[in-house]
There are 2 protein chains.
Amino acid sequence: MARQARALATRQAVLLAAAEVFDERGYAAATMSEILERAGVTKGALYFHFGSKEELALAVIEGQGAWLATWRPTSDSPVQTLIDLGYAFAHALVDDPMVRGSIRLTIEHGSFTQPQIAAYQRWSDAARALLEQARDAGDLHPGLDPAAAAGVITGAVTGIQLSSQVLTGRRDLLQRMADLWTMLLPGLVQPHALARISVAERAPGGGPGQAPTPAAGTGD
Amino acid sequence: MARQARALATRQAVLLAAAEVFDERGYAAATMSEILERAGVTKGALYFHFGSKEELALAVIEGQGAWLATWRPTSDSPVQTLIDLGYAFAHALVDDPMVRGSIRLTIEHGSFTQPQIAAYQRWSDAARALLEQARDAGDLHPGLDPAAAAGVITGAVTGIQLSSQVLTGRRDLLQRMADLWTMLLPGLVQPHALARISVAERAPGGGPGQAPTPAAGTGD
DNA sequence: GGTAGAATACCTACTGGACGGTATGCGATT
DNA sequence: AATCGCATACCGTCCAGTAGGTATTCTACC
């Protein structure tokens, strides 16, 4: 597909710079000039890889899916895996510029319409799949709808993350995540399952590293 | 202060139009031209009342505080009041353009920094006050921190609202709110108190109407 | 293994348009 | 008659995108 290694490198540089600028300024306020400058490439190079500002933003959003796709279960317990996923995501929100930019663009629903619906859906689907496993294992409260719970959890995580960012620059994100799980789990899982779950973060680092295979090309 | 009734009317028209446009496009993508057009006023009129685009946005954000300030407890039970407040807010998010625009601007943390922190804080403080009352009444789980719970609740509501907007244009907002309370309350209040609380929406309409006294003037 | 030439990858300079904000003037209200 | 409230016309700036040329890398053939 992409022929030269050099091309891949500049493409990645552009994507990273774009993610950073989109994260800091938002889509509309971000300027191509700042992205160019930060990536250390020229306008011609950028527009060779990405046909427009919007196309570039879509490629950044796609990075979120790439991150999620690298996630692997961390426990036999689906609920525990869900909690671990939440913490890994929280770390990515602090450390991984691609994820940060992607999330900001996803939250800004203005300019586009379809793509960030897909992004939300991906998270919700992942959570629902884990919750369905938990239900089948008899861990959840009877009558609890995994889809509804998945919606609540993804929404809550989204909002927790957002308020943490606005209020403290995400400095208290981990604490807020712990608070969320502490208060939410009793309404989801039965007491016998609750006893086997660690609500606090387990592994200090956690999460997939930088995605090895970058976003699929949306170019040309 | 404001001398003529006509002036107040145009000011309100501008504010309303601005709230709508900010809600639909976001701060940066919103143009003054569209606000002018929708308000049916000219540039001179607008800039007489608001010195800049940012000042106009701040006035819109202030509408959120005005809405919250008109809220009055709806029940003897603080927790029930909190739930009712959530539903009233959900209705305002659907019906009240000022609240919608204000929320969108609050969520976009890019251009400003201070004001929307205040907006978040107001919600968090309101929730914390109610939760402290609930704690003093012995309704909460012992050891539960009202401030932490308030943070979780405001964050969760923020995110629920946001995902509902992106995914369904807020059509399922009420359902998602009900889901949230159903799953969250067991982690907050003790069983004996839980029995006295209605998690579903109680009054069909609900919430303060359009704020009678508009936002305090930031113009001069 | 050297070279023509064809893609591929990138650079520079420019453009057209839109946008926020201002200067100035004029009727209405007090 | 003086302030208030608003209208019109204009300005400087900045930005996404493009046109057209240049460098780099790959392929093919000798």
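All heavy atoms count here, side chains included; hydrogens, waters and symmetry mates do not. Chain identifiers are assigned alphabetically (A, B, ...) following the order of the sequence lines, protein sequences preceding nucleic acid strands; residue numbering begins at 1 within each chain.
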Nearest heavy atoms of G151(B) and S124(B), plus distance in Å: N-OG, 4.1 Å

Of the non-hydrogen atoms in V60(A) and A18(A), which two are nearest, and what is the gap between them?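 The pair with the smallest heavy-atom distance is CG2-CB, 4.0 Å.
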
Whole-Å distance between [N] [atom2] and [X] [atom1]?
X      : N       : atom1 : atom2 : value
Q12(B) : dG5(D)  : CD    : C1'   : 16 Å
F50(B) : dG20(C) : CZ    : P     : 15 Å
K43(A) : dG20(D) : NZ    : P     : 17 Å
K53(A) : dA16(D) : NZ    : P     : 5 Å
Y27(B) : dG20(C) : OH    : C1'   : 9 Å
Y47(B) : dG25(C) : OH    : P     : 21 Å
L46(A) : dT18(D) : CG    : P     : 12 Å
F48(B) : dC4(D)  : CZ    : P     : 7 Å

Polar side chain donor-acceptor pair, Q80(A) to S75(A), under 3.5 angstrom: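 Side-chain D/A pair, Q80(A) to S75(A): absent.
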
Selection from dC11(C), dA16(D), dC6(D) that lies nearest to any side-chain heavy atom of A45(A):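 Of all the options, the side chain of A45(A) is nearest to dC11(C).
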
Of A30(A) and T42(B), whose nearest nucleotide on DNA chain D comes first from the 5' end?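 Nearest nucleotide further toward 5': that of T42(B).
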
Should the ring pair W123(A) and F89(A) be called parallel, tilted or perpendicular, given that the plane angle runs from 0 to 90° and is split at 30 and 60?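 Answer is tilted, since the angle falls between 30° and 60°.
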
When you check the phosphate oxygens OP1 and OP2 of dC6(D), does a side-chain N or O of T10(B) lie under 4.0 Å from one of them?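 Answer yes for this pair, as a side-chain N or O of T10(B) is under 4.0 Å from OP1 or OP2.
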
